[in-house]
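Values below: all heavy atoms of this structure, side chains included; hydrogens, waters and symmetry mates excluded. Residue numbers begin at 1 in each chain, while the letters A, B, ... track the order of the sequences.
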Amino acid sequence: MPVVRKRLAGPAVEVAPTLLNHLLVKGNRVGRIVEVEAYGGRDDPASHAYRGETNRNRVMFGPPGHCYVYFTYGMHWCTNIVCGPPGEAQAVLIRALHPVAGMAAMRAVRPAARRDTDLCNGPAKLCQAMGITGADGGTDLLAGEPGTLGLLDDGMAPPRRPGNGVRVGISVATGRRLRWWVEGDPCVSKARPVALTAS
DNA sequence: CTTTGGATCGTCT
DNA sequence: GACGATCCAAAGG
């Protein structure tokens, strides 16, 4: 079933954990969201939107339900789901999926993955596995267009008590516990320890 | 198993 | 000119 847009109307810190166990779909490839991070706008030094709107982050400032896809480290794509009111640039980074369907197609584009649990256990890995690139940036995930990237709710509720901890891979605002995951799922990414600085 | 360093380029300072 | 909301292969225990 489609996701009601109203459910994405709140700030990322509230929406993020509720997206756990939802499905990300593109063509025949399907993955269940098992790890997310919340990024705020002007109040979050770690957010791409912290210094205001630019060509790169423009989608973040747009309506909820669309996806913000960015390119980083000269080679990787990562996907966010925009939420909150337009103009606030709230977004939820999808950090890991548990593959549900289309694993053969995922494997074909991810030869480095030794096991199925390695196909989507990282924000750039899942983009590669799902075939998400800049061309998918700005897509309305709730439009239900066949073949395009979409967000679905198959009825599995988010965990009542998800894992929670600090965000991964950032160098500022490292003390905020804005990462949530499905406790015990083998596809949750392995976070490398990061030195704590300011909050 | 864990740790380390290199890859690689768009974006913003 | 510096630095990433990262990943992987290689080396070491």
Problem set entry | For atom NZ of A:Lys125 and atom C1' of C:dT6, their distance in whole Å | 9 Å
Problem set entry | Heavy-atom neighbours of A:Phe71 CZ exceed 12 at 6.0 Å | yes
Exercise. Should stems be defined as at least three consecutive Watson-Crick or G-U pairs with both distances under 3.5 angstrom, which of them involve DNA chain C?
Worked result: B:1-7 with C:6-12, B:9-12 with C:1-4
Seminar exercise, completed: dist A:Leu97:CG -> A:Cys120:SG (nearest 0.5 Å) comes out at 5.0 Å
Exercise. Does A:Arg95 make a side-chain N or O approach to OP1 or OP2 of C:dT6 shorter than 4.0 Å?
Worked result: yes
Exercise. Are any non-hydrogen side-chain atoms of A:Ile94 and A:Leu126 less than 4.5 angstrom apart?
Worked result: yes
For this session: Identify whether a stacking contact exists between A:Tyr70 and C:dA5, where the ring centres must be under 5.5 Å apart and the planes under 30° apart.
Result: no
Exercise. Is there a side-chain contact between A:Leu149 and A:Val25 (heavy atoms, below 4.5 Å)?
Worked result: no
Problem set entry | Phosphate-side-chain proximity, A:Lys190 and B:dT2, N/O vs OP1/OP2 below 4.0 Å | no
Exercise. Any side-chain N or O of A:Ser47 less than 4.0 Å from the OP1 or OP2 oxygen of C:dA5?
Worked result: no
Problem set entry | Interatomic distance where CD belongs to A:Glu35 and C1' belongs to C:dA5 [whole Å] | 12 Å
Problem set entry | Distance, rounded to the nearest Å, where A:Leu119 contributes CG and C:dC8 contributes C1' | 15 Å
Problem set entry | Under 3.5 Å donor-acceptor, A:Arg110 side chain and A:Asp118 backbone | yes
Exercise. Any side-chain heavy-atom pair from A:Val13 and A:Tyr39 closer than 4.5 angstrom?
Worked result: no
Problem set entry | A:Arg107/A:Asp116 salt bridge by N-O under 4.0 Å criterion | yes
For this session: Nearest whole angstrom, please: distance from the P of B:dG6 to the NE2 of A:His76.
Result: 16 Å
Exercise. Looking only at side-chain N and O atoms, does A:His48 come under 4.0 Å of OP1 or OP2 in C:dA5?
Worked result: yes
Problem set entry | Sequence neighbours excluded, every pair satisfying side chain to side chain donor-acceptor pair (under 3.5 Å) that has a member inside residues 68-77 of chain A | A:His48-A:Tyr68
What pairs of nitrogen or oxygen atoms, one from the protein and one from nucleotides 9-13 of chain B, lie under 3.5 Å apart?
unit_1: B:dC12; atom_1: OP1; unit_2: A:Thr54; atom_2: OG1; d: 2.4

Exercise. Base, sugar-phosphate alone, or nothing: which one does A:Ala46 contact when heavy atoms must sit under 4.0 Å apart?
Worked result: base
For this session: Round to the nearest Å and state the distance from A:Tyr50 atom OH to C:dG4 atom P.
Result: 15 Å
Exercise. Roughly how many Å is it from CG in A:Asn121 to C1' in C:dC8, rounded to a whole number?
Worked result: 12 Å
Exercise. Got a salt bridge between A:Arg161 and A:Glu183, using NZ or NE/NH1/NH2 to carboxylate O under 4.0 Å?
Worked result: no
